[in-house]
Amino acid sequence: MLDTKYIRENFEEAERRLSTRGGSSFLEGFKALDQKRLMLLKESESLKALRNSVSEEISRIRDKSEAQEKILEMRSVSAKIKELDEMLKKLDEELGLFLLSVPNLPHPDTPIGASEADNVEIRRWGKFPEFSFAPKPHWEIGENLRILDFECGAKLTGARFTLYRGAGARLERALINFMLDLHTDEHGYTEVLPPFMVNRESMTGTGQLPKFEEDLFKMTDPDYFLIPTAEVPLTNMHRNEILKRSDLPLSYVAYTPCFRREAGSYGKDTRGLIRQHQFNKVELVKFTHPSDSEAELEKLTLHAEKVLQLLELPYRVVGLCSGDIGFSASTTYDIEVWLPSQNCYREISSCSSFGDFQARRAGIRFREQEKSKPEFVHTINGSGLAVGRTLVAILENCQQEDGTVIIPSQLRKYMGGTEKIC
RNA sequence: GGAGAGAUGGCCGAGUAGGUCGAAGGCGCUCGCCUGCUAAGCGAGUAUACUGGGAAACCGGUAUCGAGGGUUCGAAUCCCUCUCUCUCCGCCA
């Protein structure tokens, strides 16, 4: 959420920065709503001040018959206040919903652009594997080795669900453990195992709601949602809290499954593991001091890259342009891993800084000094990494001509010493 | 699922015949005094949001005692609904 005062005082600038995201004006209608609200607020509050002071006078009058006139007068004042407050409540709701639907301002350094095509490659790492044969797509490799069963997933649930079997299931679990160990032992993150369902307030705190409900799987009886990413529970851990300055930055890592409706992506990546309704992810989340957030985003991105480096998978880092960054993000780097069968890089991690956008929605603050006013922290998160897609990258990059797959050396101890899936 | 208890400020904890309660007291914390050091002691201060004024320090208004609604001139205190926590019983991985 953007700061109301900022919008009020820098309306043109806010409009201009938001417009780089593309689409129509995001702030249309704000001024009228805001001004009307302030007017009603002022009127209601001055009547309340009157009522408070007269009520106090009444309390000091011993003879109640003398107070009768004032009581009658205040009765009508109260009625008026009630009327004003009802209008005010409606306006507040309207304005609140409005503000919750305005995306974050892109960071000044975010490249301006309309779409994916305007993203900027920042760096590349690793060497492409060379094949003396035509590399197969991971779904063929997985089916041939009987470690991925797409038909069974479809039978059990439906499209975009997959059953892993044997060494496939083990490999997925190995990757989860490998990533968690790396981030906790080497990078200093605190491991968390959160609930996989959250309530509406949590989804609103990180920005999935109110705008993107159709992307979520929801429960109806209790009004809960399956998390689309661990970002949601992790960031909301500190919702409505004032953190200690000395505790910042706080760094958390969590493995969770993620559930996404993938509405609007019919026909995209229908084969294989790339786009599933349920997938595993290890997520990194940081709460930082505002002045540290840029540096912490760089660090977090490197932490995610480290996973690919240790697995010896080639990748590149891309800076997303203003038209491609997500609703809540101010800066985003995507890490894309090389997939030989598709002859291109595919997203395997998305590392973003949100400035105070999520912190303001979720009420996550700190005090610079003991006595100073609470300020919003900055939040940062990134995948470290998407586990299913990592498994895809391993199958494709490490495949052999005979259909077997060599397991990256760093992972073998998590596979009970297995060197090859055959 | 059944029975009961509770939800107050950073924490603990008063406050129910409705008014002077943003809320006693204690702890913690901050500043000052005192004191070889430490501890103890003394004094002052110590919520948040919105809003008005001011360059600022700061001053004023409104709201907030789990959430929402009601009664009333006036509610932490009375009434209703909901949520959460705890205890006991049942069930269960």
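Here is the naming used below: chain letters follow the sequence lines, and residue numbers restart at 1 for every chain. For clarity, every value in this text was computed on a predicted model and none was experimentally measured.
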Student: Between U8(B) and A67(B), how many Å separate the two P atoms, rounded to a whole number?
Tutor: 10 Å
Student: I'd like the C1' distance from C73(B) over to G18(B), given in whole Å.
Tutor: 12 Å
Student: Okay, side chain of Arg260(A), backbone of Pro228(A): is any donor-acceptor separation there less than 3.5 Å?
Tutor: yes
Student: With sequence neighbours left out, what residues match Phe98(A) under ring pair (Phe, Tyr, Trp, His ring centres under 6.0 Å)?
Tutor: none
Student: Only counting residues at least two apart or in another chain, list the ones meeting side-chain contact (heavy atoms from CB on, under 4.5 Å) with Ser322(A).
Tutor: Thr20(A), Pro106(A), Thr110(A), Ile112(A)
Student: Please walk me through it: do Phe327(A) and Phe357(A) pass ring-ring contact (aromatic ring centres under 6.0 Å, His included)?
Tutor: CA-CA 10 Å; Phe327(A) 177 81; Phe357(A) 186 84; 5.8 Å; yes
Student: Hey, is Lys80(A) close enough to Asp85(A) for a salt bridge, meaning N to O under 4.0 Å?
Tutor: no
Student: Go through the structure and list residues passing salt bridge (charged side-chain N to carboxylate O under 4.0 Å, His left out) with Arg37(A), not counting sequence neighbours.
Tutor: Asp92(A)
Student: Which whole number of Å gives the distance between the C1' atom of A23(B) and that of U64(B)?
Tutor: 12 Å
Student: In whole angstrom, give me the gap between the C1' atoms of C89(B) and A75(B).
Tutor: 38 Å
Student: What would the secondary structure line of RNA chain B be in dot-bracket form, counting Watson-Crick and G-U wobble pairs under 3.5 Å, with [ ] for pairs that cross earlier ones and | for pairs with another strand?
Tutor: ((((((((.[[[..)...(.....]]]((((((.......))))))(((((((....))))))).[[[[[..)....]]]]])))))))....
Student: So which of residues 27-34 of chain A are in contact with RNA chain B, with a heavy-atom cut-off of under 4.0 Å?
Tutor: none
Student: Taking only the C1' atom of each, what is the distance from A14(B) to A24(B) in whole angstrom?
Tutor: 6 Å
Student: For atom P, what is the distance between G66(B) and A76(B), given to the nearest Å?
Tutor: 10 Å
Student: Roughly how far apart, to the nearest Å, are C21(B) and U16(B) at atom C1'?
Tutor: 14 Å
Student: Measuring to OP1 and OP2 of A49(B), would you say a side-chain N or O of Arg365(A) lies under 4.0 angstrom away?
Tutor: yes
Student: Start at the 5' end of RNA chain B and walk down; is the nucleotide closest to Lys70(A) or to Glu56(A) reached first?
Tutor: Glu56(A)
Student: Please round to the nearest 0.5 Å and tell me the distance separating atom CZ of Phe287(A) and atom CG of Asp292(A).
Tutor: 15.0 Å
Student: Can you name the salt bridge (charged side-chain N to carboxylate O under 4.0 Å, His left out) partners of Glu140(A), sequence neighbours left out?
Tutor: none
Student: What is the distance from atom CG of Asn199(A) to atom CZ of Phe225(A), rounded to the nearest 0.5 Å?
Tutor: 9.0 Å
Student: In terms of relative ring orientation, are His187(A) and Tyr189(A) parallel, tilted or perpendicular, with 30° and 60° separating the classes?
Tutor: perpendicular
Student: From C-beta outward on Arg367(A), which listed nucleotide comes closest to its side chain: C73(B), U48(B), U51(B)?
Tutor: U48(B)
Student: Please state how far atom NZ in Lys36(A) lies from atom P in U51(B), giving the value in whole angstrom units.
Tutor: 18 Å
Student: In whole Å, measure the gap between the P atoms of C86(B) and U72(B) for me.
Tutor: 38 Å
Student: Where the side chain of Ile58(A) is concerned, which of U51(B), G19(B), U48(B) is the nearest nucleotide?
Tutor: G19(B)
Student: Name the residue closer to the 5' end of RNA chain B, choosing between Glu86(A) and Arg37(A) according to the nucleotide with the nearest heavy atom.
Tutor: Arg37(A)
Student: Just to be sure I understand the rule, does Ile242(A) reach a base, reach only the sugar-phosphate, or reach nothing, if contact means heavy atoms closer than 4.0 Å?
Tutor: nothing
Student: Measure CG/Leu72(A) against C1'/U72(B) and give the value in whole Å, please.
Tutor: 13 Å
Student: Could you check how far NZ of Lys80(A) sits from C1' of G74(B), rounded to whole Å?
Tutor: 21 Å
Student: With sequence neighbours left out, write down each residue that passes salt bridge (charged side-chain N to carboxylate O under 4.0 Å, His left out) with Glu262(A), or none if nothing qualifies.
Tutor: Arg275(A)
Student: Side-chain contact test, heavy atoms from C-beta onward, threshold under 4.5 Å: evaluate it for Leu385(A) versus Lys281(A) and give yes or no.
Tutor: no
Student: Can you list the residues that meet the side chain to side chain donor-acceptor pair (under 3.5 Å) rule with Arg360(A), with sequence neighbours excluded?
Tutor: Asp356(A)
Student: In whole angstrom, what separates Gln35(A)'s CD from U51(B)'s C1'?
Tutor: 15 Å
Student: Quick one, give me the B/S/- string for nucleotides 59-69 of chain B, reading 5' to 3', where B means a protein heavy atom under 4.0 Å from the base and S means that only happens at the primed atoms, P, OP1 or OP2.
Tutor: --BBS-----S
Student: Under the salt bridge (charged side-chain N to carboxylate O under 4.0 Å, His left out) test, which residues partner Lys31(A), sequence neighbours left out?
Tutor: none
Student: Starting from C1' on A49(B), measure out to CG on Leu99(A) and report it in whole angstrom.
Tutor: 15 Å
Student: Under 4.0 Å from any atom of RNA chain B, heavy atoms only: list the residues of residues 193-210 of chain A that qualify, in numerical order.
Tutor: none
Student: Enumerate the residue pairs fulfilling ring pair (Phe, Tyr, Trp, His ring centres under 6.0 Å) with a member in residues 141-176 of chain A, sequence neighbours excluded, ordered by first and then second residue.
Tutor: Phe161(A)-His277(A)
Student: In whole angstrom, what separates Asp3(A)'s CG from C50(B)'s C1'?
Tutor: 12 Å
Student: Starting at CG of Asn240(A) and ending at C1' of C84(B), how long is that distance when rounded to a whole Å?
Tutor: 15 Å
Student: To the nearest Å, how far apart are Glu375(A) CD and A49(B) P?
Tutor: 11 Å
Student: For the residue pair His238(A) and Tyr252(A), categorise the inter-ring angle as parallel (less than 30°), tilted (30 to 60°) or perpendicular (more than 60°).
Tutor: tilted
